[in-house]
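Notes to accompany the following structure.
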Amino acid sequence: VAIFSELLGHKPKICFIDEIENGIHYSALPKVWAGIAEVAARLDIQVLATTHSWECLLAAHEVFAARDTYDLRVLQLYQLGETLSGRVLDQDHIEAAIAGEIELR
């Protein structure tokens with residue numbers, strides 16, 4: 001409720017949600033993602049959400065895959081030696097990671 005109150009009430013251009021799955025039962029995650037996707041698309045809000053939950057990522061992917069436009073991206077951070085790097089994963093890469101059970105954080 002708090003997330004939707006902020007999005008609908010304040011209509012920010014960018015919304016950061018840290019650990020989006022906290023306090024939400026995994027079975028409710030698809031509905032939460034569907035609502036966020038719809039509100040963000042209608043109000044032109046860029047949502048950046050963090051998670052360490054595989055179920056949360058799967059729910060987000062399933063919701064965005066069912067929409068007309070798949071506008072979910074995963075920012076994957078990784079370390080090579082002393083260097084921290086990152087890359088943006090699109091639908092094909094997210095689906096490959098899910099199929100290969102590759103952990104995304």
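Predicted, not measured: the structure shown is a model, and the values here were computed from it.
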Of all heavy-atom pairs between [X] and [Y], which one has the smallest distance, and what is that distance?
{"X": "Val63", "Y": "Pro30", "result": "CG2-O, 3.3 Å"}
{"X": "Val32", "Y": "Phe4", "result": "O-CZ, 3.7 Å"}
{"X": "Gln76", "Y": "Glu103", "result": "NE2-O, 4.2 Å"}
{"X": "Gly86", "Y": "Leu77", "result": "CA-CD2, 4.0 Å"}

Under the side chain to side chain donor-acceptor pair (under 3.5 Å) rule, collect the residues that match up with His10, sequence neighbours excluded.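 With neighbours one apart ignored, the set is empty.
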My understanding is that only residues two or more places apart in sequence, or in another chain, count here; which of them pass side chain to side chain donor-acceptor pair (under 3.5 Å) with Arg67?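 Listed in chain order: Glu38.
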So does His93 get a backbone contact from the side chain of Gln91, meaning a donor-acceptor N/O pair under 3.5 Å?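 Between the backbone of His93 and the side chain of Gln91 there is no qualifying donor-acceptor contact (under 3.5 Å).
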Would you confirm whether Thr51, through its side chain, and Ser53, through its main-chain N or O, come within 3.5 Å as a donor-acceptor pair?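 The answer is yes, because a donor-acceptor pair under 3.5 Å joins these two groups.
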Does Leu43 share a hydrophobic cluster with Leu72, counting links as ILVMFWY side-chain heavy atoms below 4.5 Å and allowing steps through other members?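 Same cluster.
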For Gln79, I'd like to know if atom CD has over 12 heavy atoms of other residues, nucleotides or ligands within 6.0 Å.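 It does: Gln79 CD has more than 12 such atoms within range.
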Counting only heavy atoms not in Tyr26, do more than 12 sit closer than 6.0 Å to its OH atom?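 Count not over threshold, so no.
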Restricting to pairs with a member in residues 62-83, which pass ring pair (Phe, Tyr, Trp, His ring centres under 6.0 Å), not counting sequence neighbours?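 Residue pairs with at least one partner in residues 62-83: His61-Tyr70.
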4.5 Å side-chain heavy-atom contact, Thr50 and Ile17: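 No; the side chains remain at least 4.5 Å from each other.
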Working to the nearest 0.5 Å, report the span between CG of Leu89 and CG of Leu75.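 So the gap between those two atoms works out to 8.0 Å.
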